[in-house]
There are 2 protein chains.
Amino acid sequence: MKNRLEELRKERGIKQDELAEALEVSRQTIGSLENGRYNPSIILAFKIAEFFNMSIEEIFIYRENVNHEK
Amino acid sequence: MKNRLEELRKERGIKQDELAEALEVSRQTIGSLENGRYNPSIILAFKIAEFFNMSIEEIFIYRENVNHEK
DNA sequence: ATCTTATGTAAAGCATACTTTCCATGGCGA
DNA sequence: TCGCCATGGAAAGTATGCTTTACATAAGAT
């Protein structure tokens with residue numbers, strides 16, 4: 001599963017450290033998610049979505065959408 | 001975290017067994033989710049949402065809890 | 001060149017998700 | 001009653017998420 005964590009974090013101009021603190025996880029957890037070492041729990045996914053004010057589906061890409069109709 | 005699994009499954013008139021097979025998990029996993037013994041992984045949450053043709057947010061109800069719900 | 005800051009990553013340990021196996025209970029049809 | 005059938009749930013084992021600790025590296029500033 002892919003995610004847009006690094007992209008979204010950098011858009012906000014914040015450090016892994018700061019995001020980690022906001023989400024109440026360790027910096028290593030953020031790094032691991034950004035680099036795809038593992039997937040978040042659903043609880044953490046909800047926290048991340050809440051932080052970025054987006055839906056889980058907008059941040060975590062379960063399946064590439066091969067269908068490119070508008 | 002609460003979820004609408006049992007409700008949605010019964011709406012469709014299917015058994016735990018059948019849902020489990022469709023999602024490629026065990027019947028006990030479905031039962032455990034319906035009865036709140038644990039939360040799904042984000043992968044399973046995506047599979048469930050896909051099965052019911054809904055968003056994760058429509059099926060799983062997350063609310064920030066003062067007591068740091070896990 | 002040295003120092004600092006942001007990030008990458010690994011190891012060990014604990015918590016949670018999920019499995020298989022097993023048994024219990026309530027509803028229902030014959 | 002009797003025998004299924006759908007569900008609940010425990011127990012033990014494996015896989016994965018997350019923590020703390022620790023060290024490495026690259027880039028930028030002084």
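Atoms considered below: every heavy atom in the structure, side chains included; atoms not considered: hydrogens, waters and symmetry mates. Here is how names work: the chains are called A, B, and so on, in the same order as the sequence lines, proteins then strands, and each is numbered from 1.
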In whole angstroms, the gap separating C1' of D:dT19 from CD of A:Glu24 amounts to 14 Å
Between B:Pro40 and B:Arg27, the residue closer to the 5' end of DNA chain C by nearest nucleotide is B:Pro40
To the nearest angstrom, the NZ-P distance between A:Lys47 and D:dG17 comes to 16 Å
**OP:** Give A:Ser26 one of three labels, base, sugar-phosphate or nothing, depending on what nucleic acid heavy atoms sit under 4.0 Å from its own.
**Re:** base
Residue pair B:Ile42/B:Glu34 against DNA chain D: nearer the 5' end by closest nucleotide is B:Glu34
Here the distance between atom C1' of D:dG17 and atom CD1 of A:Ile43, to the nearest Å, is 13 Å
Whole-Å distance, B:Asp17 CG to C:dT19 P, equals 13 Å
note: B:Leu33, atom CG; D:dG8, atom C1'; distance rounded to Å ~ 14 Å
Among the nucleotides D:dA6, C:dC18, D:dT19, whichever has the atom closest to the side chain of B:Lys15 is D:dA6
Taken to the nearest whole Å, CD1/A:Ile30 to C1'/C:dA6 is 14 Å
dist A:Leu33:CG -> A:Ile48:CD1 (nearest 0.5 Å) comes out at 5.5 Å
**Asked** So, the side chain of A:Glu57 versus the backbone of B:Ile56: is there a donor-acceptor pair under 3.5 Å, distance only?
**Response** yes
Subject >> Side chain B:Gln28 and base D:dT7 donor-acceptor under 3.5 Å >> reply: no
Next on the checklist: Given the structure, check if the side chain of A:Arg37 and the base of D:dG17 hold any donor-acceptor pair shorter than 3.5 Å.
Outcome noted: no
Take B:Glu18 and B:Arg12 through the salt bridge (charged side-chain N to carboxylate O under 4.0 Å, His left out) test and state the conclusion after the steps. CA-CA 11 Å; B:Glu18 296 167 336; B:Arg12 264 75 173 178; over 6 Å; no
Side-chain contact check for B:Arg9: nearest option of C:dT19, D:dT7, D:dC18 is D:dT7
Here the distance between atom C1' of D:dG8 and atom CD of B:Glu6, to the nearest Å, is 11 Å
For a quick test of reading the model: is some side-chain N or O of A:Ser41 closer than 4.0 Å to OP1 or OP2 of D:dC18?
yes
Inset, instruction - Name the nucleic acid region contacted by A:Thr29, choosing base, sugar-phosphate or nothing; use a 4.0 angstrom heavy-atom cut-off, strictly under. - result: base
- Item | Residues A:Glu50, A:Lys47: salt bridge by 4.0 Å N-O rule | no
Original post:
Is there side-chain contact between A:Val25 and A:Ile30, with at least one heavy-atom pair below 4.5 Å?
Top reply: yes
Checking C:dG8, D:dC18, C:dC18 against the side chain of A:Gln16 (C-beta onward), the nearest is C:dG8
